[in-house]
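Here is how names work: the chains are called A, B, and so on, in the same order as the sequence lines, proteins then strands, and each is numbered from 1. Just so you know, these numbers come straight off a predicted model, no measurement behind them.
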Amino acid sequence: MTCPRCQAQAKHLRTEHQGVESGEVIWTAYHCNRCSFTWRDSELPASIDYEVREAWFRVDPDNPEQYHHNIPPAKPKTS
Amino acid sequence: MTSNTKSISAESKAVAERIHCLRDYLELLGEHGQFITWPEAIMPEPDIRKIAVAASRDAMTTPAILFDKIRGYPGKRMVLGVHGSFSNIALLLGYPKGTSIKELFYELIGRWGSDKPLLERVKPEEAPINENRIESDINLYDLLPLYRVNEYDGGFYIGKANVVSRDPLEPDNFGKQNVGIYRIQVHGPDHFSLLSVPSHDMAHMIRTAEANDLPLKIAVMIGNHPAMAMFAATPVNYEESEYAYASQMMGSPIELTTSGNGLDIQARGEMVIEAELINNERVLEGPFGEFPGSYSGVRHVPMFKITAVSHRNDPIFESIYIGRGWTEHDTLIGLNTCAPIYSQLKESFPEVVAVNALYQHGLTGIISMKNRYAGFAKSVAMRALSTPHGLMYLKNLIMVDEFVDPFDLNQVMWALSTRTRASDITVLPNMPMVMIDPAAEVPGKGHRLIIDATSFMAPDHVGTDSKLVNPPAGSEIDDLAKYVQQLQREAESK
């Protein structure tokens, strides 16, 4: 499995939560630590299939400078 | 603020006194057929989105909808559309379903501008919101039926929360406590990002905390008093309290208690998420389908860590659908966008009759006013652009005569069709503009438009066939219109 938005490899993905009813797993939610995308495996391909998603919505975490800062940090992060 | 509020009617007072929280409001809506529970089991996506869009088609009468069978979230409840129609707003203000938007506008105007806060304190141990408290192993997915609002959103959002914060330099100053609505993206079981417009109070507090190495503690309130949901987004000055404002607009007290991290929160809210800014950390946020009906892009946005959660038993996640209008967002903030623009304009120009800024938070505004002399409407439009909301939001202004109801688009189209001359259109290039307005030339800057659709008068050249028909108007005709509807209902029921 890769990220549907930035194609990050599995090692960058985190299993977030599973929706369970009477012991049956209904869906699993994931989060990409590289581009911050969150998704659920029960969603439609338009949201979670890299090939089906509109290319305009892809995110390139290797070039973060292309994304604006809403409020620039006052100082470099210390931790 | 001045103390010029009128006293509210007995009907409004009765409603105000019985509503203390979201649950009270849902009960009132239910009594009038304005609150339903969705009967079938649904998936979080895309079902919630589809139902919300379908319900939004009817801005006048759509009901609030409760979902309690969301697959994978057994036992969790979510409600959409609480402020999704003008009938719901009418009931909150003590008016019957079907009240015209213009009547609701004048009711809000009448309540606007008082300075008598009605706040009551409740001990934390007695506050319903503290029925349950979680301080470790916090997992938002266990607490809220989170879902993707629009298909290309960057994640799951909390879209209708009231966020409380205080100036990090003056954490004991109630007057410098801010309550606002911001978009919140969940980034993990106990992390979220919060997007604030750089000019808003929250952004000021974030910059202050980071520049001075101070903690910024916030409380995210979900499932709020219906007046707080409506009025927390209204621009009040930095040293005015949104709680005080909402309570006086409602005409009844709002009960407050203290959160675990020392902020004033609603005692009868459904849930409060206490969190702290992670100073100088940023995370990629967005896109999110925003109120102009387009996606705002991906940005680096401040991140918060959740420290505790309190909630009522069996809490209700109050959420909202936002996207390409009409949506609940337009109904929720529409009238409160109109009211301050009207009040500020009226101070300069008593000729102003009404302001309709319902569309996309006022990106288009329609102002009804009486021309003092030819060309006067353009001067009024310029003044509107310099009101606090007008500075950024009023992009397209349509000026109409005092006898045109700006909330009745049939009448506005008459004005555009018959009053407008192409030479009465003014374009103001390179003006400030809302960051996420897709019409901007560059984010934050673009062109404004004024259409003067008022009648011609000397020294304008007035054509030979321009004498207006003046049909009968006023309260007698308003009453007759209601009487026609009543006769129709009676005919239906026979």
Side-chain angles (χ1 to χ4, degrees), chain A residues 3-6 8 13-49 52-79, chain B residues 41 43-46 70-74 76 139-142 145-148 150-157 185-189 191 193-198 202-204 206-213 278-287 295 297-303 435 443:
Chain A
C3 172
R5 185 162 80 161
C6 76
L13 309 181
R14 186 175 73 216
T15 299
E16 205 77 317
H17 191 74
Q18 288 190 315
V20 178
E21 289 177 15
S22 308
E24 179 194 359
V25 175
I26 308 295
W27 45 256
T28 304
Y30 300 94
H31 182 78
C32 172
N33 288 323
R34 297 220 68 216
C35 79
S36 301
F37 189 62
T38 305
W39 74 98
R40 198 186 327 262
D41 60 5
S42 58
E43 293 189 69
L44 295 176
S47 292
I48 62 169
D49 183 332
V52 176
R53 286 172 57 88
E54 276 189 50
W56 193 89
F57 288 99
R58 288 174 188 165
V59 167
D60 178 9
D62 290 327
N63 293 289
E65 66 284 350
Q66 67 181 294
Y67 304 107
H68 294 290
H69 272 274
N70 159 243
I71 303 167
K75 301 173 180 180
K77 198 182 158 211
T78 47
S79 58
Chain B
M43 288 299 286
E45 303 89 10
I70 306 173
R71 299 297 313 276
Y73 290 119
K76 298 289 181 291
N139 181 0
L140 285 182
Y141 291 89
D142 268 338
L146 299 168
Y147 69 105
R148 190 184 314 279
N150 281 300
E151 61 183 350
Y152 282 110
D153 288 351
F156 306 147
Y157 276 80
Q185 182 180 347
V186 175
H187 286 275
H191 282 78
S193 62
L194 182 148
L195 182 101
S196 167
V197 173
M202 174 63 83
H204 170 74
I206 289 170
R207 282 191 288 262
T208 301
E210 293 185 341
N212 296 282
D213 295 322
I278 306 174
N279 281 6
N280 302 306
E281 179 160 326
R282 297 295 183 267
V283 64
L284 288 176
E285 191 264 6
Y295 287 96
V298 173
R299 292 182 174 83
H300 298 276
V301 168
M303 181 87 126
M435 292 284 286

Heavy atoms only, distances under 4.5 angstrom: which of [options] has the most pairs with chain A? Name it, please.
{"options": "Ser193(B), Ser196(B), Pro302(B), Pro198(B)", "result": "Ser196(B)"}
{"options": "Val283(B), Leu195(B), Ile70(B)", "result": "Leu195(B)"}
{"options": "Pro46(B), Gly155(B), Pro44(B)", "result": "Pro44(B)"}

Rounded to the nearest 0.5 Å, how far does [atom2] of [Y] lie from [atom1] of [X]?
{"X": "Glu16(A)", "Y": "Asn139(B)", "atom1": "CD", "atom2": "CG", "result": "8.0 Å"}
{"X": "Asn33(A)", "Y": "His187(B)", "atom1": "CG", "atom2": "NE2", "result": "11.5 Å"}
{"X": "His300(B)", "Y": "Asn70(A)", "atom1": "NE2", "atom2": "CG", "result": "11.0 Å"}
{"X": "Ile71(A)", "Y": "His204(B)", "atom1": "CD1", "atom2": "NE2", "result": "11.5 Å"}
{"X": "His17(A)", "Y": "Asp142(B)", "atom1": "NE2", "atom2": "CG", "result": "4.5 Å"}

Side chain / backbone / both / neither for [X] at chain A, heavy atoms under 4.5 Å:
{"X": "Ile206(B)", "value": "side chain"}
{"X": "Asn150(B)", "value": "neither"}
{"X": "Glu285(B)", "value": "neither"}

### Query
Of the non-hydrogen atoms in Tyr141(B) and Ala29(A), which two are nearest, and what is the gap between them?
CE2-CB, 4.2 Å
#### Entry: Shortest non-hydrogen contact between Ala211(B) and Ala74(A), atoms and distance
N-CB, 3.7 Å
Side chain to side chain, [X] and [Y], heavy atoms closer than 4.5 Å:
{"X": "Val298(B)", "Y": "Arg5(A)", "value": "yes"}
{"X": "Pro287(B)", "Y": "Phe57(A)", "value": "yes"}
{"X": "Arg299(B)", "Y": "His69(A)", "value": "no"}
{"X": "Arg148(B)", "Y": "Trp39(A)", "value": "yes"}
{"X": "Val186(B)", "Y": "Thr38(A)", "value": "no"}

For [Y], does its backbone N or O pair with a side-chain atom of [X] as donor and acceptor, under 3.5 Å?
{"X": "Glu151(B)", "Y": "Ala46(A)", "result": "no"}
{"X": "Tyr152(B)", "Y": "Arg53(A)", "result": "no"}
{"X": "Trp27(A)", "Y": "Arg71(B)", "result": "yes"}

### Task
Flag the pair Glu210(B) and Lys75(A) as a salt bridge only when some basic side-chain nitrogen lies within less than 4.0 angstrom of an acidic carboxylate oxygen.
no
Looking at [options], which has the largest count of heavy-atom pairs under 4.5 Å with chain B?
{"options": "Ser47(A), Gly19(A), Ser36(A)", "value": "Ser36(A)"}
{"options": "His31(A), Glu43(A), Glu24(A)", "value": "Glu43(A)"}
{"options": "Gln18(A), Arg34(A), Arg14(A)", "value": "Arg14(A)"}

### Task
Check whether Val59(A) gets within reach of chain B through its side chain, its backbone, both or neither, counting any heavy atom under 4.5 Å.
side chain
### Query
Checking heavy atoms, do the side chain of Gln66(A), its backbone, both or neither come under 4.5 Å from chain B?
neither
### Message
Is the positively charged end of Arg40(A) above the ring of Phe156(B), judged by distance under 6.0 angstrom from the centroid and angle within 45° of the axis?
### Response
yes
### Message
Given Arg282(B), which partner from the list Pro72(A), Pro73(A), Pro64(A) fulfils the side-chain contact (heavy atoms from CB on, under 4.5 Å) test?
### Response
Pro73(A)
